[in-house]
Protein chains: 2
Amino acid sequence: MDSRRKIVDSAKEMFWRHGYSTTSPKQVMAESGVGQGSYYHHFPSKAQLGREVVDENGRDLVDAVQAAISGLRTGREQVVAFLRSADDALAGCRIGGFAYDAGMLAEPSLRDALSASFERLTAVVESAIRAGQRDGSLSSSLDPGRTATALVAVVEGAFVLARATGRQASADAAAAGAIALLDAVAR
Amino acid sequence: MDSRRKIVDSAKEMFWRHGYSTTSPKQVMAESGVGQGSYYHHFPSKAQLGREVVDENGRDLVDAVQAAISGLRTGREQVVAFLRSADDALAGCRIGGFAYDAGMLAEPSLRDALSASFERLTAVVESAIRAGQRDGSLSSSLDPGRTATALVAVVEGAFVLARATGRQASADAAAAGAIALLDAVAR
DNA sequence: GTCTATAACTTGATAGAC
DNA sequence: GTCTATCAAGTTATAGAC
């Protein structure tokens, strides 16, 4: 694997777990095993590395959700599978933490990449809701766009709660509460 | 106002808006107008200041929610008022961002204070749900604890989405979606 | 592309005088 | 309680050789 890829792969994991502003280039060099000269040759500024990390982590997240819901028969099952996204909530969302990183939001290119990732994620959930309304597994009375945004918020909030309390059960309860609400409407 | 209070008041605002790990003691001194000697006399370590900030911001948040819902006639109205908490979402939640701050979570005393604040908030929402079930404005079929956790997650997620997209409308859509779900169940 | 050396600045304190 | 001076370590790079 080339140095550039080693840098990006290490940074993806480290920015996710430890934060963008609170992870230094030096730490990325140590973790990836890439030297300083090589590192700055590929990424002259931290923001450039951040940009690639946000793009790739956002794509990884959307890909993971699509993989989790593909093949499920009903729209409701797909939505329920999405709500299980925070099954390892203590690790945090791949991109959710960036929303509270002032250093990241201050860079327009990083913020744009983050915004685009969340929009793609919400669109996937909205599609699943529409599918559920067509196949009869979800109530047609729900507005697909707003409901999708609310469900993405539940998942992002589940990550926040679990990390704040230190208990995975907080995320599980949030997901269970949302599923119960959905099912009570469908009924 | 004494120096200690100036320090805490400035730090509450700065840790909230800019993050705990990404705000330095020096910045707090500059903002509060307190000198270095005085600052370190009152707060020999940053974690001690962090502890007071988490406690006070958590209490401020719970107080604000209770003030917003007190006097509302039905439990449903109280829950809806809570869901409007992210009406200035771009500023971020007073304590939500701390859940993604590794430097804060690494300190047990800070993490415990954060956890306690979220538990108090969830308890307030759960009380409102139970009140709504008693007065008939919310469905009795809902589990109060799980539903409260789900609704707190919606609000925390609404902050994340709004900050990530840079649009208040994201938070508004999440809240509207959750309210629509609740009302569809109650009906 | 990768190396080592260096730079200018910030971070989170500590020391000792007033 | 508050002041100024100092500190070791870390941050985000840049310079120039190989």
Side-chain angles (χ1 to χ4, degrees), chain A residues 1-54 97-98 100-111 113, chain B residues 1-55 97-98 100-111 113-114:
Chain A
M1 189 162 43
D2 65 346
S3 292
R4 189 189 163 84
R5 188 98 291 271
K6 284 183 192 164
I7 294 167
V8 174
D9 282 347
S10 291
K12 282 171 69 177
E13 190 84 7
M14 298 176 86
F15 290 176
W16 167 18
R17 309 277 184 175
H18 189 255
Y20 169 72
S21 291
T22 45
T23 303
S24 68
K26 201 171 197 171
Q27 288 174 303
V28 175
M29 290 169 217
E31 181 74 18
S32 63
V34 170
Q36 200 163 14
S38 184
Y39 173 91
Y40 278 105
H41 169 75
H42 292 295
F43 295 101
S45 85
K46 192 180 174 184
Q48 286 174 48
L49 176 56
R51 175 62 200 269
E52 286 208 24
V53 166
V54 173
F98 298 155
Y100 274 109
D101 191 313
M104 174 155 283
L105 298 183
E107 286 280 342
S109 67
L110 297 183
R111 172 169 224 152
Chain B
M1 190 160 46
D2 65 345
S3 292
R4 190 188 162 85
R5 188 96 294 271
K6 284 183 192 164
I7 294 166
V8 174
D9 282 348
S10 291
K12 282 171 68 177
E13 189 85 8
M14 297 176 87
F15 291 177
W16 165 19
R17 310 278 184 174
H18 189 254
Y20 169 72
S21 291
T22 44
T23 303
S24 68
K26 200 170 198 171
Q27 289 174 303
V28 175
M29 290 168 216
E31 181 73 18
S32 62
V34 171
Q36 199 163 15
S38 184
Y39 173 91
Y40 278 105
H41 170 76
H42 293 294
F43 295 101
S45 84
K46 193 181 173 184
Q48 287 173 48
L49 177 56
R51 175 62 199 268
E52 288 208 22
V53 167
V54 173
D55 280 339
F98 297 156
Y100 274 109
D101 192 311
M104 173 155 284
L105 298 183
E107 286 280 343
S109 68
L110 297 183
R111 173 171 222 150
L114 186 59

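A quick note: this is a predicted structure, and the numbers were derived from the prediction, not measured. Numbered from 1 within each chain, the chains take letters A, B, ... in sequence-line order.
The shortest non-hydrogen separation linking B:Leu114 to B:Leu105 is CD2-CD2, 4.1 Å.
Between the side chain of B:Gln27 and the backbone N or O of B:Ser24, at least one donor-acceptor pair lies under 3.5 Å.
Remark: B:Arg111 pairs with no residue by the side chain to side chain donor-acceptor pair (under 3.5 Å) rule, at least two apart or across chains. For B:Ala102, the side chain to side chain contact (heavy atoms under 4.5 Å, CB included) partners are A:His18, not counting sequence neighbours.
Counting to the nearest Å, the C1' atom of C:dT11 and the OH atom of B:Tyr20 are 12 Å from each other. Distance NZ (A:Lys26) to C1' (C:dT4): 13 Å, rounded to an integer number of Å. The interatomic distance linking B:Ile7 (CD1) with C:dG12 (C1') rounds to 15 Å, in whole Å. In this structure, B:Leu49 places its CG atom 10 Å from P of C:dA13, rounding to the nearest Å.
When DNA chain D is scanned 5' to 3' for any atom under 4.0 Å from a heavy atom of chain A, the first and last hits are D:dT11 to D:dT14.
Under the 4.5 Å side-chain criterion, counting only non-hydrogen atoms from C-beta, A:Lys6 is not in contact with A:Tyr39. B:Tyr20 is not listed as a side-chain neighbour of B:Val53, based on a closest heavy-atom distance of 4.5 Å or more.
The 5' end of DNA chain C is approached more closely, in terms of each residue's nearest nucleotide, by A:Tyr39 than by the other of A:Tyr39 and B:Gln27.
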